[in-house]
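What follows is one structure encoded as structure tokens, with my remarks underneath.
To find a chain, count down the sequence lines: A is the first, B the second, and so on, and within it residues start at 1.
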There are 2 protein chains.
Amino acid sequence: MALKNIRIKDIAKLAGVSVGTVDRVLHNRGRVSDEALKKVTSVMEQIDYKPNLIARTLGTNKNYHIAALLPDPNSDPYWSQANTGIIASQLEWEQYGIRIEPFLFDLFDKESFQRLAKKVYEANPDAILVAPIFYHEALPIFELFNESGIPYVLFNTNIPEARPLTFIGQNLYQSGRVGAELMHIGQHHSGTLAVLHIDEDIHESVHLLEKERGFRAYFKEKSKIDFNIVDFTLNVKDPTFSDRLKTLLDDPTLKGIFVSTSKGTAVAASFLAQFGKREIRMVGYDMLDENLKYLRQGTIDFLINQNPKRQASLGISHLVNYLMFKKGAPDTDLFPLEVITQQNIDSYTGSGIH
Amino acid sequence: MALKNIRIKDIAKLAGVSVGTVDRVLHNRGRVSDEALKKVTSVMEQIDYKPNLIARTLGTNKNYHIAALLPDPNSDPYWSQANTGIIASQLEWEQYGIRIEPFLFDLFDKESFQRLAKKVYEANPDAILVAPIFYHEALPIFELFNESGIPYVLFNTNIPEARPLTFIGQNLYQSGRVGAELMHIGQHHSGTLAVLHIDEDIHESVHLLEKERGFRAYFKEKSKIDFNIVDFTLNVKDPTFSDRLKTLLDDPTLKGIFVSTSKGTAVAASFLAQFGKREIRMVGYDMLDENLKYLRQGTIDFLINQNPKRQASLGISHLVNYLMFKKGAPDTDLFPLEVITQQNIDSYTGSGIH
DNA sequence: AAATTAAGTGTGTGCGTACACAAATTAAAA
DNA sequence: TTTTAATTTGTGTACGCACACACTTAATTT
């Protein structure tokens with residue numbers, strides 16, 4: 001009954017060697033005679049040795065340093081949520097001697113990304129979490145990381161060419177399909193559906209177009225009714241922005257709006273609320289405070305949650321598990337496409353990390 | 001730069017006492033002079049001591065034993081998922097010297113619950129996870145647990161009178177409201193909506209009625225159209241079951257069906273698929289294989305995910321954190337009311353624990 | 001005054017692993 | 001055969017904390 005766990009010491013005794021030799025075999029770092037190796041491996045095969053992770057971690061006892069490269073949270077509510085995840089991780093892992101250092105770049109400045117990325121590289125951390133929102137600028141950075149052998153995890157945006165430890169994010173095409181589905185439910189009459197890409201700076205175009213592709217594909221496949229799907233790429237800074245949006249909302253055939261960005265969702269919702277078109281179905285992204293407000297008051301019907309906070313904190317977790325506990329990480333960790341409605345909203349905001 | 005973490009040893013040196021004394025103060029187990037206490041607390045106030053959890057855990061090095069009391073997974077797919085969570089937890093915590101022992105009772109046999117609960121008590125575990133689906137039978141058990149001082153976590157079903165470490169589950173009233181909302185979307189014409197409680201044994205009546213209450217409340221509050229909401233409590237074993245269900249489906253005014261149980265969802269969906277009423281909106285519970293099949297083929301429109309697997313594994317996590325890492329647990333951990341659709345289904349099945 | 005009890009304090013060891021280093025063995029060179 | 005080098009193996013210590021136990025000093029009791 002009192003079945004003690006098998007320890008290195010026990011293996012050593014069974015194999016008739018010292019713990020040092022067993023350790024060398026286990027981590028195959030050589031300096032072991034063939035004879036000793038055979039004895040140990042033979043014992044290893046017979047018993048089911050599971051190293052005590054606690055002891056191992058204490059033994060290695062490194063003070064790891066993780067760099068987190070992401071956009072400045074002050075300039076954007078979406079990235080502010082991601083940063084919340086970073087802060088939560090800092091607290092969580094502090095006691096384990098893990099220091100997480102944020103490197104915040106300007107969301108609208110590619111050069112700033114490059115500069116900060118270089119700083120990350122120079123800081124020579126043990127691992128890196130990065131949101132590589134600038135595709136072209138990110139490529140050489142990853143080559144640098146690959147060369148130096150520093151493990152890194154991507155989140156939010158995937159760069160297929162990079163070879164990260166893990167990519168954390170969502171299937172954008174499928175996300176667009178979910179948006180389309182939510183738009184489609186109970187729409188019995190033909191009309192116009194608008195896909196809106198609203199951004200201050202269209203650097204995530206590929207990102208957004210992928211959602212649109214899914215959105216259109218869904219209607220092509222699934223809808224018996226023929227909808228007129230139009231798309232707009234709008235820049236908030238554009239002086240004609242407001243007029244163009246109003247013109248769209250004035251279209252009497254408009255049945256629904258799908259906005260591909262979190263911030264854009266808030267902007268579009270504010271227009272919709274202001275110009276009072278209640279019967280327009282609206283689907284957008286993310287649980288920004290503003291979006292929640294519009295969801296609660298019924299302007300927004302559905303939000304698809306990208307959960308930047310959890311993406312960030314899970315990214316850190318993967319790195320910690322990899323560094324500290326020597327656990328392998330999956331190469332992709334695709335998040336569920338969570339549907340947020342007026343009625344389940346509190347169940348998402350109220351609880352902890354799920 | 002090489003800012004080492006503060007250790008007990010450091011505190012001892014600063015306070016001019018030994019590590020033993022510091023330890024006694026930290027765990028306030030007495031045998032310390034006022035003078036020494038003052039010195040240590042004064043140091044403690046000035047520095048921000050954070051014990052190394054790894055070392056602490058290794059230091060105590062107990063082999064904890066956790067009992068999991070839940071229905072037999074073989075008799076029910078829902079509980080089979082919960083059991084999957086238990087198995088995952090066993091693997092996860094095995095290396096930490098934590099043994100999780102399942103105690104499986106018969107879902108349809110109250111006495112079996114009592115018997116197994118007693119066995120749990122006699123096994124004298126360090127902590128207990130329990131799904132107390134039999135309200136009246138559970139009450140005396142919790143008294144027993146409370147007396148013996150064994151911490152326990154409830155999941156799936158709440159027993160307000162019990163004083164568990166944590167309750168893990170969902171807000172059932174709100175869950176019903178979400179169901180109603182999903183039923184309501186795009187329903188422009190009046191008609192009949194059926195609330196179905198299908199079960200082999202109606203022991204969870206309170207559970208189910210709470211969902212119905214939320215469902216009805218939503219329509220009362222939110223719907224401009226007046227729907228005729230009818231409810232049925234059906235027992236699959238009842239010989240008239242099939243006829244009653246068919247009669248309901250034949251109602252030409254029937255617009256939607258809301259099923260309050262996971263198994264019932266599969267049963268109702270099979271009837272709906274068989275008697276081909278595509279235009280009926282159907283909302284049910286849980287990602288049982290069968291339910292997923294009907295969701296994929298369009299018979300079911302929405303599933304609300306109760307996530308029994310995660311409920312179980314998170315319950316274990318709370319207990320482990322409490323026992324091993326001395327972390328406090330929240331008294332309730334309400335899960336998000338996840339909406340599963342045809343388009344986001346794969347994003348839920350594909351990924352790991354979220 | 002000696003013996004007992006109590007209160008307070010410090011030392012030491014265990015937890016299981018990793019790794020440095022010394023010791024032992026073997027092989028090769030002088 | 002002795003010396004030197006190379007290879008293999010064992011020992012010891014650190015990691016940070018918890019806890020047992022022994023020890024000191026002061027307060028009682030005999």
Side-chain angles (χ1 to χ4, degrees), chain A residues 2 4-41 43-44 47-64 93-98 323-327, chain B residues 2-41 43-44 47-64 94-98 323-327:
Chain A
K4 292 285 295 174
N5 266 335
I6 296 145
R7 302 159 305 171
I8 277 196
K9 207 193 268 181
D10 301 317
I11 297 170
K13 195 174 284 175
L14 285 170
V17 293
S18 76
V19 290
T21 307
V22 176
D23 181 63
R24 275 182 285 268
V25 173
L26 254 50
H27 300 81
N28 54 292
R29 50 174 122 89
R31 323 218 138 245
V32 176
S33 68
D34 284 356
E35 195 190 3
L37 182 90
K38 227 190 297 177
K39 282 193 287 185
V40 174
T41 45
V43 172
M44 291 297 295
I47 60 151
D48 181 31
Y49 171 67
K50 284 187 183 124
N52 181 317
L53 295 185
I54 303 284
R56 162 174 293 177
T57 309
L58 185 65
T60 47
N61 193 50
K62 268 192 130 187
N63 274 6
Y64 291 107
W93 298 113
E94 192 177 32
Q95 288 114 310
Y96 297 91
I98 290 169
L323 291 175
M324 266 192 117
F325 303 112
K326 269 73 176 151
K327 280 190 188 165
Chain B
L3 216 58
K4 293 285 294 173
N5 267 336
I6 296 146
R7 301 159 306 172
I8 277 195
K9 205 193 269 182
D10 301 317
I11 297 170
K13 195 174 282 175
L14 285 170
V17 293
S18 76
V19 290
T21 305
V22 176
D23 181 64
R24 276 182 286 269
V25 173
L26 254 51
H27 300 83
N28 52 291
R29 49 174 125 88
R31 324 216 138 246
V32 177
S33 67
D34 285 357
E35 195 190 4
L37 182 91
K38 229 189 297 178
K39 282 194 286 188
V40 173
T41 44
V43 173
M44 291 296 295
I47 61 150
D48 181 29
Y49 172 65
K50 292 206 177 103
N52 182 318
L53 294 186
I54 302 284
R56 162 173 294 179
T57 309
L58 187 64
T60 48
N61 193 51
K62 266 192 138 189
N63 274 6
Y64 291 106
E94 191 177 31
Q95 288 116 309
Y96 296 92
I98 289 168
L323 291 175
M324 261 192 121
F325 303 112
K326 269 79 176 145
K327 279 189 189 167

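- The distance from the NZ atom of Lys62(B) to the CE atom of Met324(B) is 11.5 Å, given to the nearest 0.5 Å.
- With dC17(D), dA18(D), dG10(C) as the candidates, the nucleotide lying closest to the side chain of His27(B) is dA18(D).
- Looking at heavy-atom distances under 4.0 Å, Asp23(B) makes contact with a base.
- Leu58(A) comes within contact range of at least one nucleobase, with a heavy-atom separation under 4.0 Å.
- In terms of phosphate contacts, Tyr96(B) brings no side-chain nitrogen or oxygen within less than 4.0 Å of OP1 or OP2 of dC15(C).
- Protein atom CD1 of Ile6(B) is 17 Å distant from nucleotide atom C1' of dC15(D), rounded to whole Å.
- OP1 and OP2 of dC17(D) both lie 4.0 Å or more from every side-chain N or O belonging to Thr60(B).
- Neither OP1 nor OP2 of dT8(D) sits under 4.0 Å from any side-chain N or O of Arg31(A).
- Along DNA chain D, the nucleotide nearest Pro51(B) and the nucleotide nearest Arg24(B) are compared for position; the residue whose nucleotide lies closer to the 5' end is Pro51(B).
- Between Arg29(A) and the phosphate of dC19(C), there is a side-chain N or O to OP1/OP2 separation shorter than 4.0 Å.
- Of all heavy-atom pairs spanning Ser18(B) and Ala12(B), the tightest one is C-CB, 3.7 Å.
- Nucleic acid contact for Val32(A): sugar-phosphate only, since backbone atoms but no base atoms lie under 4.0 Å from a heavy atom of the residue.
- Checking Gly20(A) against Asp34(B), the closest nucleotide of DNA chain C that is more toward the 5' end is the one next to Asp34(B).
- Ser33(B) has a side-chain polar atom (N or O) that falls below the 4.0 Å cut-off from OP1 or OP2 of dT9(C).
- By the neighbour-count criterion of 12 heavy atoms within 6.0 Å, atom NZ of Lys9(A) is sparsely surrounded, having that number or fewer from other residues, nucleotides or ligands.
- Here Arg56(B) does not reach the OP1 or OP2 of dG16(D): none of its side-chain N or O atoms lies under 4.0 Å away.
- Using a 4.0 Å cut-off between a side-chain N of Lys or Arg and a carboxylate O of Asp or Glu, Asp10(B) and Arg7(B) qualify as a salt bridge.
- The phosphate of dG10(C) has OP1 or OP2 within less than 4.0 Å of a side-chain N or O from Thr21(B).
- Distances from the side chain of Tyr49(A) to the nucleotides dG10(D), dG16(D), dG16(C) place dG16(C) closest.
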